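All values below were derived from every heavy atom in this structure, side-chain atoms included, with hydrogens, water molecules and symmetry-related copies excluded. These figures come from a predicted structure and were not determined experimentally.
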Amino acid sequence: MLWVQNGQLPAWAPRLLPRSRIQHAQLRVGSQARSTGCAGYTRHTASFIGASAALLSASRRLSTLSRADDRDERMGSTVTPGVITSPDAPVVGVYKTIRSGERPSVDFVQVSSLGTTGPEIGSQVWIRARVAAVRVKGKSTFVVLRQNSLHTVQACKFKEKEDGGESATAIARFFKALPLESIVDMSGVLVEANVSGCTQKNVELQIRQVYAVTLAAPQLPFLMADAQRSEEEIAASKDSKRPLVRVLPDLRLDNRWLDLRVPAHNAILRIQAVMCQLFRESLAKRGFIEIHSPKLISGESEGGAEVFRVDYFGSNASLAQSPQLYKQMAMSADIPGVFEVGPVFRAENSNTARHLCEFTGLDLEMPIAWHYKEVIQVVHETLADIFQCVEEKHAEELSIIRQMYPSEAPKLPAGTESPCVLNWDEAMELLTSNGTQREDVMADLSTEEEKLLGRLVRERYGVDLFFLDKYPSSVRPFYTMPSEEQPEFSNSYDVIFHGQEIGSGAQRCHDADLLEERCAELGVPTGPLASYIESFRHGAGTFEQIQ
């Protein structure tokens with residue numbers, strides 16, 4: 001009787017998809033394929049496609065309206081939440097819109113607790129969850145309920161002699177009419193089971209009552225079963241009789257609220273939140289203070305053209321490329337170290353995974369006693385602690401993510417061990433020994449070179465995280481301190497993880513005269529930086545930043 005496979009319907013299971021929807025989906029896919037494969041259309045072609053889209057939209061609305069009455073009837077009568085606990089409550093029904101009125105004496109149970117720390121076997125429980133998958137065969141009904149995107153449990157209903165199959169018929173009709181992704185309240189008896197396709201593998205619910213809380217649209221932009229498949233699964237099905245559907249990024253982003261119901265994507269959001277929290281906790285323990293710097297500024301954070309310019313009531317302004325100038329000025333305020341978790345804006349007109357117009361940055365700034373490598377140690381320990389905590393305490397979320405996006409636990413020295421630091425000359429030698437010839441050894445690394453260097457460091461030193469030190473001064477911003485022994489190099493580094501830069505750091509020019517010399521050398525106007533430069537004339541200490 002077990003039919004759920006990896007939380008999805010198997011190929012042979014009916015999808016309860018109306019025929020009109022299947023035709024509509026095929027036409028949409030065909031139109032999109034033509035639009036992406038051609039440079040342009042004639043006016044007649046464009047008009048035809050526009051008319052076709054209008055007809056399909058009208059057909060979809062009429063189809064939905066024609067089924068509305070039938071759907072409501074099959075799902076039972078409209079009920080108020082206050083009656084669901086009464087002895088004569090209907091088996092199925094649709095709630096009136098909840099508007100903070102009646103509060104029935106119902107305590108909902110978390111799906112994640114079923115079969116673990118929650119109610120005992122044989123208990124009757126109430127849960128509120130989304131309907132992820134349905135299969136109805138005669139008077140037998142199987143349902144997969146999903147709660148908080150990550151946890152699923154199977155519920156079922158069979159014909160019972162006591163009522164002659166009346167309740168089983170009502171529940172089967174209810175779920176045949178109910179659109180997937182709708183939210184339901186369900187009462188059922190918890191029984192032991194062996195369900196390989198749900199997160200709650202040792203139990204299932206025998207349905208007693210079920211009510212629709214909110215109804216999803218009959219036709220969603222994409223099926224959740226399609227959206228949660230890995231690229232490996234899709235590629236493997238390419239030459240089969242039934243190749244799997246790939247949900248494209250634009251469709252996901254246009255319906256982001258749906259895409260975030262995909263377990264892996266929901267788990268990624270949770271891991272991001274955890275990492276920000278751990279970053280804050282790690283630095284707060286060291287005495288750092290969290291700041292919130294302006295994002296609408298009069299000048300530029302880093303100089304150059306990669307900045308979004310905006311009108312500020314008739315004056316020129318820009319979105320901050322980084323909080324670093326404000327972090328440095330905070331050091332002049334005798335704060336023992338600052339950090340920030342906030343948005344960063346870069347006008348990088350490039351369609352690659354390495355270029356983002358907006359992202360959330362984790363920044364810190366701290367004073368140093370003698371050498372900027374004091375900060376490298378702090379950064380290394382902070383990142384090592386974050387990675388270790390995520391792997392150990394959030395293994396469930398990582399497991400869900402890795403089902404869709406395979407990866408391994410990172411290899412890195414323990415937080416108490418010395419970080420892996422590779423200076424620029426050593427990195428060039430490592431690339432050369434692998435057959436890479438660079439025309440300009442002082443040029444910044446390309447994407448391919450960065451990935452190759454990450455692989456070579458992993459092979460030689462057995463780590464995925466390392467610091468590439470002593471970057472050439474020519475590829476660093478104006479506020480970076482040049483090396484005293486070799487001015488062509490700087491007291492700066494990149495933080496590289498899995499062959500990709502995830503951060504950069506440097507000792508800052510805390511001497512106002514030297515800072516003005518660097519600005520003149522690189523052609524950076526000092527007018528918008530007047531307050532920033534002035535902050536170093538009032539007794540600034542030595543400090544370093546990481547972003």
Side-chain angles (χ1 to χ4, degrees), residues 272-273 275-277 279-280 283-284 288-333 335 337-367 375 379 382 444 471 475-481 490 492-495 501-510 512 515-516 518-519 522-536 540 543-547:
Q272 288 177 341
M275 295 189 74
C276 291
Q277 178 184 354
F279 179 76
R280 287 184 168 102
L283 295 177
F288 283 64
I289 306 299
E290 182 171 8
I291 62 172
H292 306 283
S293 62
K295 303 307 171 195
L296 188 62
I297 61 177
S298 59
E300 299 171 0
S301 307
E302 296 189 353
E306 296 176 349
V307 60
F308 286 107
R309 304 183 189 280
V310 297
D311 175 75
Y312 184 73
F313 304 109
S315 300
N316 294 325
S318 62
L319 299 181
Q321 298 163 293
S322 168
Q324 55 209 18
L325 302 187
Y326 294 98
K327 292 186 302 174
Q328 293 175 49
M329 288 188 282
M331 292 296 93
S332 295
I335 298 177
V338 298
F339 68 91
E340 181 170 354
V341 178
V344 176
F345 302 94
R346 303 283 173 87
E348 297 178 333
N349 189 15
S350 182
N351 295 321
T352 74
R354 295 167 55 85
H355 296 84
L356 298 173
C357 290
E358 179 183 1
F359 60 90
T360 300
L362 309 181
D363 289 77
L364 70 86
E365 194 98 17
M366 63 174 280
V375 183
V379 173
T382 299
D444 203 355
Y471 254 78
V475 298
R476 289 316 223 196
F478 66 92
Y479 42 72
T480 303
M481 179 71 76
S490 63
S492 70
Y493 53 86
D494 272 358
V495 187
E501 175 197 344
I502 62 170
S504 62
Q507 181 184 358
R508 295 315 185 195
C509 289
H510 57 281
L515 187 57
E516 288 179 329
R518 284 282 294 164
C519 288
L522 298 175
V524 177
T526 58
L529 301 172
S531 298
Y532 166 69
I533 296 174
E534 190 67 15
S535 68
F536 302 128
F543 54 88
E544 139 121 30
Q545 70 87 38
I546 180 72
Q547 61 179 8

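- The shortest heavy-atom contact between Y493 and A506 is CE2-N, 4.1 Å.
- Between Y471 and D444 there is a side-chain heavy-atom pair separated by less than 4.5 Å.
- The 12-atom threshold is exceeded at CG of D311, counting heavy atoms of other residues, nucleotides or ligands nearer than 6.0 Å.
- Using a 4.5 Å heavy-atom threshold, the side chains of S318 and V310 count as separate.
- At least one side-chain heavy atom of F308 sits under 4.5 Å from a side-chain heavy atom of C357.
- Side-chain atoms of F288 and I335, non-hydrogen and from C-beta on, never get closer than 4.5 Å to each other.
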Legend entry - Worked check of side chain to side chain contact (heavy atoms under 4.5 Å, CB included) between H510 and M481: CA-CA 8 Å; H510 57 281; M481 179 71 76; 3.8 Å; yes

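- Q321 contributes a side-chain N or O that, together with a main-chain N or O of E306, makes up a donor-acceptor pair within less than 3.5 Å.
- Every residue two or more places apart in sequence or in another chain that forms a salt bridge (Lys or Arg N to Asp or Glu O under 4.0 Å) with E290 is listed here: R280.
- Inter-residue side-chain proximity for V338 and Y326 is flagged as unmet; no heavy-atom pair is nearer than 4.5 Å.
- The shortest distance between side-chain heavy atoms of Q507 and S492 does not fall below 4.5 Å.
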Inset, instruction - Check the pair V307, R309 against side chain to side chain contact (heavy atoms under 4.5 Å, CB included), reporting the backbone distance first and the verdict last. - result: CA-CA 6 Å; V307 60; R309 304 183 189 280; 3.4 Å; yes

Inset, instruction - For the pair V495 and S504, evaluate side chain to side chain contact (heavy atoms under 4.5 Å, CB included) and give the outcome as yes or no after the intermediate values. - result: CA-CA 6 Å; V495 187; S504 62; over 6 Å; no

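- The pair R476-D494 counts as a salt bridge, with a side-chain nitrogen and a carboxylate oxygen less than 4.0 angstrom apart.
- Side chains of E340 and S293: a donor-acceptor N/O pair is present below 3.5 angstrom, by distance only.
- Ring planes of F279 and F339: perpendicular class, angle over 60° (limits at 30 and 60°).
- Closest heavy-atom contact between T480 and R518: O-NE, 3.7 Å.
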Legend entry - T526 vs E516, side chain to side chain donor-acceptor pair (under 3.5 Å): CA-CA, chis, key distance, verdict: CA-CA 7 Å; T526 58; E516 288 179 329; 5.6 Å; no

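- Side chain of S332 to backbone of F536: no donor-acceptor contact under 3.5 angstrom is found.
- A heavy-atom distance below 4.5 Å is found between the side chains of L364 and L283.
- Closest heavy-atom contact between F359 and L356: CB-CD1, 4.0 Å.
- Within the 4.5 Å cutoff, side-chain heavy atoms of P343 are placed close to those of K295.
- For the atom pair L319 CG and I297 CD1, the distance stands at 8.5 Å (nearest 0.5 Å).
- Note that CG of N316 and OG of S298 are 10.0 Å apart. Values are rounded to the nearest 0.5 Å.
- Atom OG1 of T360 and atom CE of M275 lie 12.5 Å apart (nearest 0.5 Å).
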Inset, instruction - Show the numbers, then the answer: is there a side chain to side chain contact (heavy atoms under 4.5 Å, CB included) between E365 and R508? - result: CA-CA 10 Å; E365 194 98 17; R508 295 315 185 195; 3.7 Å; yes

